[in-house]
Amino acid sequence: MPAFIDSHCHLADPAFDVDRDDAVARARSAGAVALVCIGESPAMAARARELAVRHAGFVWYTAGVHPHDAASFDPIGDLEGLRDEIAQGAIALGECGLDYHYDHSPRDQQRRAFAAQLALAAEYRLPVVVHSREAADDTAAMVREAGAAGVVGILHCFSGPAALADVGLAAGWYVSFSGIITFKKWADDALLRLPPADRLLVESDAPYLAPVPYRGKRNEPAYVSQTVAKLAEARGLSADRLGAVVSENAVRCFNLPVAT
Ligand code: NI
């Protein structure tokens, strides 16, 4: 059974209120050696922290403000909340970024909230988990600038374009693939071969984006093994080897005290 680290799951989401600890146990049984639970708001980060405390050594957590919520981003209160989570053990900023598909928040406010979190990542020398949808040009510009300031991050749930991956990789960033790459409509295996082996990550993005054959169901970290299998096939590696690679990468990227 291939090992893996789920670099991005939303286990604090209410979708897991009925079986959160069981989902963690199932992930472990499926080969997970660690889970990174995303706190996409200060409030969700506090819930993610509780889970990380309860599963110390297996679950870690992040703290950020999602682009959907950028309109209500408070540069004083929210940043104070994020600093507080970092002091309590958050291992990364995010998820943050730009979403011009939904445009739930005005774009200039999205950029402002994203920039503030990139600055925090630079200050604390922490990685940053980045969400980008239909915003590749602006994301690339901000990633390039952050990279120049020494920030390393993750292009999460990556599905293109390749030009954005190129900018991220040039800045020393990682590319994380989700269950999307198992969907029937996925037609870009070349993209799966683009990042060098030492920059590859996998994620569930649970409860969203369940991979085939669980598509349409609630997703959970255990299902990342399907994504590992698909990525391994596309890159001509065994699933065991690919799983070892993505685990080593996650340990390095997030600076996790985990043996792989
Ligand atoms: Ni997410």
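Note that the coordinates shown come from a computational prediction; the quantities given were computed from them, not determined experimentally. In listed order, ligands and their atoms are each counted from 1.
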Quiz item: Strictly under 2.8 Å, is any N, O or S atom of His156 next to the Ni ion (ligand 1)?
Solution: no
Quiz item: So, is His10 placed with an N/O/S atom under 2.8 Å from the Ni ion (ligand 1), counting both backbone and side chain?
Solution: yes
Quiz item: Hey, is the main chain of Ala30 close enough, under 3.5 Å, to the side chain of Ser225 for a donor-acceptor pair?
Solution: no
Quiz prompt | Thr62 side chain vs Gly94 backbone, donor-acceptor pair below 3.5 Å | solution = yes
Quiz item: Do Arg218 and Glu220 sit within salt-bridge range, that is, some charged N less than 4.0 Å from a carboxylate O?
Solution: yes
Self-check item: With the Ni ion (ligand 1) as the apex, the OD1/OE2 angle for Asp205 and Glu95 - to 10°
Solution: 180°
Quiz item: So which heavy atom on Leu11 is nearest to which on Ala23, and how close?
Solution: CD2-CB, 4.2 Å
